[in-house]
Amino acid sequence: MTETRFQEIDIFEVECEYANEAAYAYLFNSLHEIEEMEELQSPIPQTDNSNIGTSSSKTGIAEQPSEDAHELVRRRMGDLACNKAGMQGLDTEKINRIIYEATKGTPFFENEARKDTAVSVRIEKLKERYETLKKRDIFTFAFTVDKIIQKYERERDLSRTIVHIDMDAFYASVEERDYPHLKNVPIAVGDNMMLSTSSYEARKYGVRSAMPGFIAMKLCPQLVIIPCHFDKYTAVSNKIREIFARYDPNFSPVSLDEAYLDITNYLQITNKSPEEISQQIRNEIFEETKLTASAGIGANMLLAKIGSNINKPNGQHFLQKNYECIMEFMRNLPIRKVPARLSAEKSNPASIGKVTERILGALDIKTCADIIDKRLYLYRLFSEHSFNFFMRAALGIGSSITPIEIERKSVGVSRTFSSPIRPKDRLSKLRQLCELLATELDKENVSGKTLSVVFKEVSFRTFTRARTINKYIHSADNLFHYSRQIVEAEMPTDLRLMGIRLTKLRPRDTEIKSGVKRYFPVIGSGSCKKICSGSSNGKKSVESVKTSKPTTSATNSRSKWHEVPAIAQFFKCPRCERQYINEKIAHINEHLDQCMINNAHPNDNSNELIMKTNSDPTIGGSGITLDTLENVACGRTNEVICHQDSRTLIEILDEKDQQQHDGETVELLSTNVALKNVKKTRSLENSSDTENILNVQQIITWECPKCQKNFNRPTLMRINTHLDVCLRKKVTLRSRR
DNA sequence: CGGATCGAC
DNA sequence: CTATGTCGATCCG
Ligand SMILES: Nc1ncnc2c1ncn2[C@H]1C[C@H](O)[C@@H](COP(=O)(O)OP(=O)(O)OP(=O)(O)O)O1
Ligand SMILES: [Mg+2]
Ligand SMILES: [Mg+2]
Ligand SMILES: [Mg+2]
């Protein structure tokens, strides 16, 4: 196999810094020859069906003869039963049969069946395109694809050590601890309608998260169901976070029961091995909470997260920071195990769940090695983003930068009613939801301008209706005023659930933070400010960590470039307050870039475009020097500064806006002023938008110089692909990095 | 922008 | 009898 390498592979090997023969033989062993680059324009199925989120026409599909409803249950309900930790060797046949018997014929089941056939249709279409592609010379794209892979490979960072820690059967373990007589009996937390989680004892029976209690009781009649005590879990969560902070003040919590820690720096001051540290953390957790946790250790978040599940419960897994080990580790990994959190800038990028597993399964992709093998097809069949995701996952490339503070982007509430509500009762329920949402918004001290209402009919059909309002709102009265218009426009059917959600959020107050005191170190306080999404059955769910955002004072637009020592003893990012102790300057700079880019280009994932269009060498690098460490040190680009300025202005304008809303008694005056402000806000927003567009200079249309074919909003990658085909020679638009 | 869908906890 | 609540992300028209 290593014989018939073609030209492109040689290039790859020459350029790649991680050159390693064995690993590459593995990586490329699926490629054979590539000969004629045929002109393949017309009949190529247009790429871009997506991995997720296709909302395509779901017309009344000529209902397939219900390809065996039992199968459906196995797919839709039973999937997690075998997947989740602590589920090996149980009688899945029996479990599926019981679930099926308890489920069939219910509206819930019918809805699941409907969704299932929608996915089936999607898969059929995909397979069609796949078959078409198979008849062609897919290796036409080998060069482009491997060029891209090469790019990912260059991003691989093996310098850090990340630990992912996740509590075992979290809610259930807390209850077991507090009610010792429940030890060794199967328990679950939740109620008859819905379970949040189950103990490992109960998992032996197939009882699991997101299963209704009454089904669980059929699976396991002895099951003890404990109601949710959310405040207890929050308290425990705070305790373990204290522990996390001892090892990484910037640890990144994912939920109440799990977090990522970057222990690279801690390792340097202890002489202990990563495994010992991980064990030590888990020991401390047990001593201080009497609960067990599992851990995964790896070079990045992806590997750590996968690892934490391997020896669950109460175990840990260590993966060496070594290319061969990583590839060997990923090779046989079922794709379903690929978790979220591959990238630092987005909190939860796509991951492989039930549907994506089925879709890839249709292409005979079951393991990560299969992803590599089929990469040329994946490239043609899926969106650029999905391809990117699949490849990086399969290569075991994830972010080794634990995410920075993530701003909450929406706040919402929803309720399933004890019995379906008639159309005439909608408004009173809506009113209650608005009150609830208003209190949540108060806790966060935000307002927002897009309001969505979600409806779930008794048939379980769910849909949403949204509207963007002229102004920012947050009061229950305003929420109700606008949401009722949405509700009243809908068909008067019976509903089993209603919900409302506010997006396009903005801080409500504009108090000017002095900006000075927050730059002083608060050693050991572990001021981790990420907002976590809590979840619960009970009503009093919402846990929220207040995010006091450093409203950026435009003080230090310029920072000097001095000679930079390799290590900073202490640094605190002026923007997100992340603390660094004994950290390499390079890493801090990387963070600063991330942090600023995030705020400047919230939608842009592609450095390539930024790099390409920004020829100014100062752009893309922010530097710090030691003498400015304790103060601010973000010499950042002009456009960011402008952006921040305009945001500040908007906030100030809106403060007036808010005052008007509170005095809603004077209707006329209020609307006048509101109108005025809206205009200003708009123009400001527009200007900041165009700014972003200018920075990125997104290519709207592109015409191939050779064949004159026009492309709509092409990415660099697509252009490359086309050029590969259109021109006989390979043309690659390189971006500098 | 609005709406559907996927995925996680 | 009876199938949660909350959030982020992507994609398409
Ligand atoms: N679908 C869900 N709905 C509501 N709450 C959930 C759901 N899934 C999980 N939770 C809550 C309860 C869990 O104890 C807690 C942590 O989730 P998670 O870590 O995935 O499972 P777990 O801690 O219960 O078991 P494991 O040992 O597999 O980690 O979040
Ligand atoms: Mg857990
Ligand atoms: Mg968890
Ligand atoms: Mg997964």
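In what follows, chains carry the letters A, B, and so on, assigned in the order in which the sequence lines appear, proteins first and then strands, with residues in each chain numbered from 1. The basis for the numbers below is simple: all heavy atoms, side chains too, and nothing from hydrogens, waters or symmetry mates. Bear in mind that the values here come from a model prediction, so they are computed numbers and not experimental data.
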Engineer: Whole angstroms only, please: what is the CD1-P distance between A:Ile215 and C:dT4?
Structural biologist: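 Those two atoms, CD1 and P, are 11 Å apart.
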
Engineer: Between B:dC6, C:dT10, C:dC7, which nucleotide has the shortest distance from any of its atoms to the side chain of A:His385?
Structural biologist: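 Selected nucleotide (nearest to the side chain): C:dT10.
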
Engineer: Would you mind writing out the side-chain donor-acceptor pairs for residues 459-466 of chain A within the sub-3.5 Å range, not counting sequence neighbours?
Structural biologist:
residue  : atom : partner  : partner atom : Å
A:Ser459 : OG   : A:Arg461 : N            : 3.3
A:Arg461 : NE   : A:Glu457 : OE1          : 3.0
A:Arg461 : NH2  : A:Glu457 : OE2          : 3.0
A:Thr462 : OG1  : A:Phe460 : O            : 3.1
A:Arg465 : NE   : A:Glu490 : OE2          : 3.2

Engineer: Side-chain N or O of A:Arg122 versus OP1/OP2 of B:dC6: is the shortest distance under 4.0 Å?
Structural biologist: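 For B:dC6, OP1 or OP2 has a side-chain N or O of A:Arg122 closer than 4.0 Å.
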
Engineer: Whole-Å distance between C:dT6 C1' and A:Tyr233 OH?
Structural biologist: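 Going from OH in A:Tyr233 over to C1' in C:dT6 covers 17 Å.
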
Engineer: For the pair made of CD in A:Glu407 and C1' in C:dC7, what is the distance, rounded to whole Å?
Structural biologist: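 One finds 15 Å between C1' of C:dC7 and CD of A:Glu407, rounded.
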
Engineer: Base, sugar-phosphate or nothing for A:Phe463? Non-hydrogen atoms, less than 4.0 Å.
Structural biologist: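 Here A:Phe463 touches the backbone only, sparing every base.
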
Engineer: Using the side-chain heavy atoms of A:Thr450, tell me which of these nucleotides is nearest: B:dG2, C:dT4, C:dT2.
Structural biologist: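 Ranking B:dG2, C:dT4, C:dT2 by closest atom to the A:Thr450 side chain puts B:dG2 first.
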
Engineer: Determine whether a donor-acceptor pair (N or O, by modelled atom type, separation under 3.5 Å) exists between the side chain of A:Lys312 and the backbone of A:Asp166.
Structural biologist: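 Yes, A:Lys312 side chain to A:Asp166 backbone: donor-acceptor pair under 3.5 Å.
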
Engineer: Heavy atoms under 4.0 Å, any strand shown: does A:Leu497 hit a base, just sugar-phosphate, or nothing?
Structural biologist: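 Contact class for A:Leu497: sugar-phosphate only.
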
Engineer: Could you tell me the separation between the CG atom of A:Leu502 and the C1' atom of C:dC7, rounded to a whole number of Å?
Structural biologist: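 One finds 14 Å between C1' of C:dC7 and CG of A:Leu502, rounded.
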
Engineer: Can you tell me how far C1' of B:dC6 sits from CD of A:Glu357, to the nearest Å?
Structural biologist: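 Value for this atom pair: 14 Å.
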
Engineer: Donor-acceptor pairs under 3.5 angstrom involving side-chain atoms of residues 214-230 of chain A: please list them, not counting sequence neighbours.
Structural biologist:
residue  : atom : partner  : partner atom : Å
A:Gln222 : NE2  : A:Tyr205 : OH           : 3.2
A:His229 : ND1  : A:Glu175 : OE1          : 3.3
A:His229 : ND1  : A:Glu175 : OE2          : 2.9

Engineer: Once you measure the plane-to-plane angle for A:Phe387 and A:Tyr152, does it fall in the parallel (<30°), tilted (30-60°) or perpendicular (>60°) bin?
Structural biologist: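 Answer is tilted, since the angle falls between 30° and 60°.
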
Engineer: Looking for any heavy atom pair under 4.0 Å, which part of the strands does A:Asp257 touch: base, sugar-phosphate only, or nothing?
Structural biologist: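 The residue A:Asp257 makes sugar-phosphate contact but no base contact.
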
Engineer: In terms of the nearest nucleotide of DNA chain C, which residue is placed more toward the 5' end: A:Phe460 or A:Ser414?
Structural biologist: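 Checking each residue's closest nucleotide, the 5'-ward one belongs to A:Phe460.
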
